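Reading through the structure tokens given below for one structure.
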Amino acid sequence: MKKIEAIIKPFKLEEVKDALSAINIQGMTMLEVKGFGRQKGHTELYRGSEYVVDFIPKIKIELVVADDMVEGVIKTIEKTAWTGKIGDGKIFVSSIEETMRIRTGERGEIAL
Amino acid sequence: MKKIEAIIKPFKLEEVKDALSAINIQGMTMLEVKGFGRQKGHTELYRGSEYVVDFIPKIKIELVVADDMVEGVIKTIEKTAWTGKIGDGKIFVSSIEETMRIRTGERGEIAL
Amino acid sequence: MKKIEAIIKPFKLEEVKDALSAINIQGMTMLEVKGFGRQKGHTELYRGSEYVVDFIPKIKIELVVADDMVEGVIKTIEKTAWTGKIGDGKIFVSSIEETMRIRTGERGEIAL
Amino acid sequence: MRKFILLALVALTLFSATAVFGADAPAPKVVNSGDTAWMLVSTALVMLMTPGLGLFYAGMVRRKNVLGTIMQSFAMLCMVSVIWVLWGYTLSFGPDKGGVIGGLEWFGLSGVGQEPSDYAPTIPHLVYMMYQGMFAIITPALITGAFAERMKFSAMMLFSALWLTFVYSPLCHWVWGGGWIGAKLGALDFAGGTVVHINSAVAAIAAVIVIGKRKGYGKVPMPPHNLPMTITGAALLWFGWFGFNAGSALTSGGLASVAFVTTNTATGMAAMAWMFVEWVHRGKPTALGIASGAVAGLVAITPAAGFVTPMSAIIIGAGAGVVCYTAVSLRPKFGYDDSLDVIGVHGVGGTWGAVATGLFATVAVNSAGKDGLFYGNPGLLLTQLIAIVSTYVFVFIASLILLKIVDMIVGLRVSEEDEANGLDLAVHGENGYDFET
Amino acid sequence: MRKFILLALVALTLFSATAVFGADAPAPKVVNSGDTAWMLVSTALVMLMTPGLGLFYAGMVRRKNVLGTIMQSFAMLCMVSVIWVLWGYTLSFGPDKGGVIGGLEWFGLSGVGQEPSDYAPTIPHLVYMMYQGMFAIITPALITGAFAERMKFSAMMLFSALWLTFVYSPLCHWVWGGGWIGAKLGALDFAGGTVVHINSAVAAIAAVIVIGKRKGYGKVPMPPHNLPMTITGAALLWFGWFGFNAGSALTSGGLASVAFVTTNTATGMAAMAWMFVEWVHRGKPTALGIASGAVAGLVAITPAAGFVTPMSAIIIGAGAGVVCYTAVSLRPKFGYDDSLDVIGVHGVGGTWGAVATGLFATVAVNSAGKDGLFYGNPGLLLTQLIAIVSTYVFVFIASLILLKIVDMIVGLRVSEEDEANGLDLAVHGENGYDFET
Amino acid sequence: MRKFILLALVALTLFSATAVFGADAPAPKVVNSGDTAWMLVSTALVMLMTPGLGLFYAGMVRRKNVLGTIMQSFAMLCMVSVIWVLWGYTLSFGPDKGGVIGGLEWFGLSGVGQEPSDYAPTIPHLVYMMYQGMFAIITPALITGAFAERMKFSAMMLFSALWLTFVYSPLCHWVWGGGWIGAKLGALDFAGGTVVHINSAVAAIAAVIVIGKRKGYGKVPMPPHNLPMTITGAALLWFGWFGFNAGSALTSGGLASVAFVTTNTATGMAAMAWMFVEWVHRGKPTALGIASGAVAGLVAITPAAGFVTPMSAIIIGAGAGVVCYTAVSLRPKFGYDDSLDVIGVHGVGGTWGAVATGLFATVAVNSAGKDGLFYGNPGLLLTQLIAIVSTYVFVFIASLILLKIVDMIVGLRVSEEDEANGLDLAVHGENGYDFET
Ligand SMILES: Nc1ncnc2c1ncn2[C@@H]1O[C@H](COP(=O)(O)OP(=O)(O)O)[C@@H](O)[C@H]1O
Ligand SMILES: Nc1ncnc2c1ncn2[C@@H]1O[C@H](COP(=O)(O)OP(=O)(O)O)[C@@H](O)[C@H]1O
Ligand SMILES: Nc1ncnc2c1ncn2[C@@H]1O[C@H](COP(=O)(O)OP(=O)(O)O)[C@@H](O)[C@H]1O
């Protein structure tokens with residue numbers, strides 16, 4: 001099993017989620033994060049002064065999937081989260097060794 | 001060392017934390033997330049209209065533990081986070097290669 | 001590629017981020033978390049009663065870097081996040097198998 | 001205390017021989033401290049409604065637009081405060097020019113002083129002017145709910161300044177300033193059903209047609225980001241509305257009392273009605289529903305407040321809850337994106353209130369009013385309908401023209417990217433909340 | 001109004017032969033514009049207290065219950081606004097029937113008009129009615145703090161409607177409507193220590209007994225989710241309470257001033273007292289503490305406000321801060337779950353205030369009052385105690401019965417799962433905040 | 001106004017056999033219900049400003065200090081409410097001792113009762129006392145913005161109690177209590193430009209010098225955590241300021257109306273000016289900017305409100321927006337950390353307002369006032385400057401001394417660690433928000 005972590009622009013969440021549902025992804029977890037990267041932040045104003053805010057609101061999606069799903073998921077996220085502008089985000093893939101569904105105690109891919 | 005990530009129902013946090021403390025877990029990190037899964041979300045109302053909210057508030061607990069603790073932790077979480085209803089959540093286990101305690105610079109299991 | 005997760009005290013974020021920028025880290029993701037550890041929480045007051053709050057606000061920084069950067073990043077975080085008091089936090093390192101930049105579709109270290 | 005002095009004077013005058021002023025002479029215009037106290041307070045209360053509206057609206061938008069939304073109301077308070085004393089008041093209430101508009105004689109408040117005016121013979125003219133100014137402030141602020149989350153701030157400001165001058169001021173003059181609707185036609189509008197609510201809602205119709213929908217409207221959910229803020233706003237609106245409606249008596253006494261009671265009663269009833277209809281319809285009573293119902297009730301009772309009995313107010317309120325609920329719950333069926341339901345609440349509620357005034361008004365409550373249909377006078381209903389329809393037509397056309405002009409000058413809408421990122425950051429360079437540090 | 005009097009006086013004096021009214025005749029009931037202005041404002045101020053209470057309470061609950069909590073107060077404002085004009089006012093203040101209840105003669109406000117009543121001879125009867133209505137609104141809203149985070153909304157509504165009819169209305173009649181406690185026994189309650197605070201707190205006792213604890217109470221922490229909201233609510237309560245207490249003079253003059261000053265002084269002192277006691281006891285001065293202390297002070301001074309000197313108010317306030325702090329800090333020791341300390345603040349504070357009135361009242365402040373124990377009249381203290389105990393007994397039994405009835409009809413408590421998920425989503429289908437988009 | 005009628009009647013009765021009181025006798029001091037109603041309301045409005053200020057300030061600090069900040073204002077409301085009735089009022093307004101201070105004759109309000117005083121002959125002395133008390137409450141609360149996010153709560157309390165006694169009370173006496181600035185020098189300060197705004201800002205200068213910068217100031221961003229809260233606070237300030245300025249007429253009539261109108265007009269104009277200057281300077285109109293501009297306008301019009309025309313108010317407002325914007329945008333250039341710009345807004349705005357009073361005042365508006373430079377009387381400007389400079393010198397030195405004393409006794413500043421963790425948790429043992437459960 002693999003864990004896919006995708007950092008995307010917040011307003012793309014709905015689209016990405018729908019596209020993942022469409023390729024039969026049944027579970028995922030989402031959280032608000034702040035990103036720092038090439039998209040260099042923006043200036044905010046405070047009583048006539050400017051200050052740079054480096055961290056930009058992003059959404060991170062985490063999904064654990066069977067190995068053979070990885071490529072499909074990555075592609076789907078790439079397609080739907082893409083705007084072509086700096087800051088579209090990243091996808092990271094890593095290994096998951098064990099999974100359990102709390103409700104049933106099932107383990108392994110069946111628990112996803 | 002292994003990292004255990006558990007996604008649970010928010011109102012179970014206190015119980016899970018206490019049970020983990022009881023089996024001598026000395027550290028963990030918790031964050032608010034939103035989950036999408038078989039528990040299919042709920043409808044919310046807005047001035048006479050209904051809309052479906054797919055993402056449900058969940059709590060994610062992350063703990064890094066020595067390999068021999070993994071099974072005990074999983075069991076404990078399973079037992080205390082369980083309600084038997086859809087949406088009880090998942091546990092994912094993955095490998096951690098290195099750990100450091102910032103305060104002391106210690107590395108490896110001793111740093112947990 | 002490795003993923004470095006560092007849990008630090010919130011007021012150290014700015015310093016850590018600046019130090020990481022200084023060693024040429026181009027991207028990272030940050031999120032608010034709550035930590036439970038040796039730093040045993042604090043008491044809060046509510047109308048004459050005290051209750052213990054175990055979870056303390058922390059910041060988690062996640063960065064994925066090329067393997068040869070790991071040691072430098074860890075050192076930098078250790079140096080800047082350090083106060084010497086309990087609760088300075090942890091650094092965890094794990095493996096990332098694949099990375100993609102959504103904007104360009106690039107994969108691997110070039111995508112970081 | 002005062003009574004004793006009066007008694008003493010009476011006793012004295014019993015021996016005297018001359019009268020100060022005859023009973024037949026026109027009522028002298030003297031400032032009454034009690035009336036003035038009430039009108040000063042009412043003015044302050046109505047002022048508070050605009051920031052209250054800002055909270056009401058801002059709680060319903062997405063987090064990324066909270067400042068952009070709250071600021072639209074706040075900016076109306078600031079900008080119209082200045083416009084009103086310069087040219088707004090004189091256009092609306094200055095010496096009548098053919099029933100159409102006020103003259104410029106009172107430009108910059110020239111001639112508007114501490115002495116009472118004909119509009120309100122017991123309070124300083126300045127208080128009357130300021131009280132009316134607060135109505136001029138909230139009316140364009142109400143419109144902003146329709147195009148929330150996508151309009152340029154510069155366009156909003158320019159449009160509002162023009163609209164205040166070319167739509168609000170004439171209409172206000174027609175109804176209250178000696179113009180044709182109030183003085184000649186004789187339509188009743190106690191506190192602004194036509195001037196404030198129908199007016200802003202019809203401008204809202206024009207705006208949503210011209211400006212178009214929010215990106216993703218109808219596809220992605222756009223949940224309110226802070227409902228406690230919205231409820232707080234509704235509470236401040238209710239509180240301030242006592243000034244709006246009971247203040248419209250322009251004196252402190254029986255008429256103000258009636259308006260106060262009808263306002264509170266209709267509002268409570270409308271909130272209950274909306275809540276129960278939604279409960280039956282959707283299975284749950286909502287917090288946004290009860291708050292929205294209260295606002296619908298406040299809107300509907302506005303034109304009627306000083307002309308109807310408290311029992312009629314219950315019916316007016318119940319009607320408002322039901323028809324406004326129906327209107328907003330049908331909104332998704334229409335193609336337009338009236339973000340915060342200005343049309344459904346202020347348009348529908350305001351129209352219902354104006355019609356209801358034609359039904360329930362009675363001279364038993366206010367001898368300066370008229371009897372409505374249910375008190376044997378069908379004529380008033382007709383009058384009310386003429387006033388309503390005229391307002392619709394005038395406001396719609398005029399607002400449309402102004403919007404087109406503004407669109408040509410500065411463009412009405414922010415870029416797609418700015419809309420996606422939110423107005424707060426894109427337009428104002430600020431972030432509503434930062435809970436991290 | 002005043003103008004009319006002057007004109008009338010002039011007209012009469014022209015004939016110079018007869019006196020208008022003899023000095024010995026009962027004071028004529030004429031509307032005074034200044035008194036009316038103050039009472040209109042006071043009514044609006046008391047209205048604002050209920051949403052203020054909603055904020056005060058809602059900030060203290062967990063996030064998942066914020067709307068459910070704020071809505072309980074808001075719904076009281078809406079529902080009681082209607083009930084009051086229909087039957088609440090006449091039951092409370094209608095023509096007395098044997099000292100026990102008001103008759104139904106004023107059902108639907110029939111006979112309640114723009115002329116003054118015997119209750120307040122210088123303001124329109126409608127204003128008096130509405131002012132009293134605002135008290136009837138906030139009293140059941142106060143109770144909701146006791147069963148917050150677990151009661152069904154439907155049950156809360158039904159209970160409140162019944163309670164208003166069968167508990168509030170009679171008690172209010174006894175104390176202020178010509179019933180046995182006020183008119184016969186002669187107990188003093190300037191602005192509602194018995195009628196509002198003890199009343200709601202005793203109902204709260206009944207409620208927490210019947211409804212039981214929140215799941216996890218005493219085991220898991222239930223921290224307040226938004227203390228700035230609570231402090232904002234406390235500030236609005238303080239502001240509105242000027243209407244509550246100083247408005248209870250029913251006129252604008254010296255008595256209102258005294259009540260205003262005693263209210264502000266006792267409140268400041270109680271807040272300081274609570275804060276310092278907690279500081280000593282727990283090592284830190286808390287924001288919730290100072291806000292709670294202020295509310296305790298407002299409660300305690302309520303029955304005494306128009307009967308005591310500002311210096312006595314300092315003592316009353318200090319007492320309130322200390323006894324209420326002690327009461328709420330002992331709460332965890334008792335087995336009951338009074339979620340937001342209605343009993344500790346309103347019950348204990350209200351009782352202390354009613355007793356203190358018996359100690360500190362002086363006719364030097366208010367000639368319509370009485371002297372208390374410290375002014376040489378131990379009788380008043382006894383009278384106050386009788387009033388307090390009678391209220392305890394009546395309200396407790398009656399509330400218990402009503403709760404049992406409601407429990408049988410709709411059930412008092414939400415399901416365990418709904419309680420875990422929070423009232424907002426489960427009962428109202430809404431989410432208080434959404435800071436993500 | 002009413003007084004004039006009465007006088008007229010009296011004059012007439014002079015032809016009759018007996019006169020009640022001669023025209024030459026001093027005006028009788030009788031309570032007027034309308035004036036009293038307005039002053040009761042004004043007092044309540046000014047009270048609301050202090051929690052409003054708490055919100056205004058607390059929204060601008062970081063989340064970890066929200067309670068610590070809001071509580072500083074709330075604690076001022078509580079503490080000064082008590083101090084004022086004990087010794088603050090008598091020091092400020094008690095019988096004059098050599099133009100320097102009030103005597104202790106009215107300690108504990110002895111002799112301050114329901115009858116009018118010489119300060120305000122138509123309202124109860126108690127109302128005048130309480131109205132002034134609300135000014136004494138907000139002034140030290142204003143200072144807290146300067147040292148926000150780092151001062152010990154205990155030190156803040158001690159400093160404020162001393163400062164109220166040794167700085168506020170004398171200065172207030174000098175200007176309004178019969179002391180040398182008002183009664184002898186003849187400087188004009190309608191509602192507190194000197195007494196409230198310059199006073200607090202100069203104390204703020206002393207405080208930021210003594211207490212030093214926040215850790216990280218100028219290096220790490222310290223963004224406001226809740227701007228909707230700040231805007232809500234600004235709105236409450238605006239609302240309450242009607243009591244502050246129009247209430248300073250001490251009667252309900254023409255003068256109050258003028259002050260009301262100038263206040264609203266200057267505020268709207270200042271907000272627009274600030275917003276547009278920032279828009280030009282930084283490219284975007286900000287929500288914090290428009291709100292700050294409104295406060296700057298309120299500050300600047302304060303000393304002038306009852307002495308200038310609405311058209312002058314526009315100029316005063318525009319000036320306030322521009323100069324205060326300039327001042328705060330230059331702040332980072334100065335080495336001091338005035339956290340929430342007390343100096344830039346209240347110091348600069350208050351000074352501009354006091355100067356502008358010397359320019360624009362006219363007896364055409366207020367016969368009890370004076371003509372300013374632009375009405376041919378350069379003397380007033382000089383007088384104003386003397387008053388301003390004297391205030392600067394006295395307040396700066398006295399505040400500095402008090403701060404040093406407090407520093408020696410309890411220490412002014414929290415530990416570095418407490419500052420890093422935030423005042424809420426470290427000092428008050430509380431957490432502002434908890435959105436998790
Ligand atoms: N090395 C990294 N490790 C973790 N997160 C990263 C890393 N690089 C980028 N990110 C995340 O991805 C987001 C987008 O990256 P950015 O460099 O701004 O643009 P792009 O994805 O177009 O190259 C950042 O805001 C950050 O959250
Ligand atoms: N494949 C997955 N990857 C990541 N998170 C998941 C995945 N599946 C489920 N989750 C998380 O677990 C939660 C519970 O899953 P759900 O399918 O609703 O119920 P159950 O755990 O009872 O099968 C989800 O809300 C989501 O946060
Ligand atoms: N085993 C662990 N797994 C995950 N997070 C941990 C673990 N131990 C500690 N943490 C995180 O690190 C933070 C600091 O740890 P703590 O034990 O308090 O102090 P220290 O780092 O000085 O030993 C905790 O608040 C928690 O967020």
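Letters go in sequence order (proteins before strands), and every chain restarts at 1. Bear in mind that the values here come from a model prediction, so they are computed numbers and not experimental data. Only heavy atoms go into these numbers, but all of them, side chains included; no hydrogens, no water, no symmetry mates.
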Between D:M129, D:M229, D:M130, the one whose heavy-atom pairs under 4.5 Å with chain F are most numerous: D:M130

Ring geometry between D:Y128 and D:H125 (parallel below 30°, tilted from 30 to 60°, perpendicular above 60°): tilted

Ring geometry between D:Y433 and D:H225 (parallel below 30°, tilted from 30 to 60°, perpendicular above 60°): tilted

Close side-chain approach of D:V31 to D:P116, heavy-atom, < 4.5 Å: yes

Shortest non-hydrogen contact from D:L53 toward D:L237: N-CD2, 3.9 Å

Under 4.5 Å from a heavy atom of chain D, the part of F:P228 involved: both

Under 4.5 Å from a heavy atom of chain F, the part of D:S154 involved: both

Within-4.5 Å side-chain heavy-atom neighbours: D:S73 and D:F56: no

Which portion of D:N431 sits near chain F, non-hydrogen atoms under 4.5 angstrom: backbone

Under 4.5 Å from a heavy atom of chain D, the part of F:M222 involved: neither

Polar contact flag, side-chain donor to acceptor under 3.5 angstrom, F:S292-F:Y325: no

Under 3.5 Å donor-acceptor, F:T362 side chain and F:A364 backbone: yes

Largest heavy-atom contact set with chain F, pairs under 4.5 Å, which of D:V80, D:V427, D:T232, D:L55: D:V427

Portion of F:I290 that has a non-hydrogen atom of chain D nearer than 4.5 angstrom: both

Atom pair CD1 (D:I123) and CG (D:N32), whose distance is rounded to the nearest 0.5 Å: 10.0 Å

F:M269 versus chain D, the contacting section by heavy-atom distance below 4.5 Å: both

Region of D:M134 that comes under 4.5 Å of a non-hydrogen atom in chain F: side chain

Top contributor to chain F interface from D:C78, D:P124, D:S110 [non-hydrogen pairs under 4.5 Å]: D:C78

Region of D:L77 that comes under 4.5 Å of a non-hydrogen atom in chain F: both

Salt bridge F:R62-F:E149, side-chain N to carboxylate O under 4.0 Å: yes

Side-chain (D:Y89) to main-chain (D:V112) donor-acceptor, under 3.5 angstrom: no

F:V61 side chain near F:L423 side chain, heavy-atom distance below 4.5 Å: no

Portion of F:A246 that has a non-hydrogen atom of chain D nearer than 4.5 angstrom: neither

Structural part of D:V66 lying under 4.5 Å from a heavy atom of chain F: side chain

Partners passing side chain to side chain donor-acceptor pair (under 3.5 Å) against F:T309 (at least two apart in sequence or in another chain): F:S312

Heavy-atom pairs under 4.5 Å with chain F, option from D:P51, D:A58, D:G52, D:S81 with the top count: D:S81

Between F:T265, F:V258, F:L236, the one whose heavy-atom pairs under 4.5 Å with chain D are most numerous: F:V258

Residues of residues 36-47 of chain F near chain D, each having a heavy atom less than 4.5 Å away: F:A37, F:W38, F:V41

Salt-bridge contact F:E419-F:R214 (side-chain N to carboxylate O under 4.0 Å): no

Interchain contact, F:F239 with chain D, by part (heavy-atom threshold 4.5 Å): both

Backbone of F:A420 reached by a side-chain donor or acceptor of F:K64 within 3.5 Å: yes

Chain F contacts, top residue of D:G54, D:G113, D:G108 (heavy-atom pairs, under 4.5 Å): D:G108

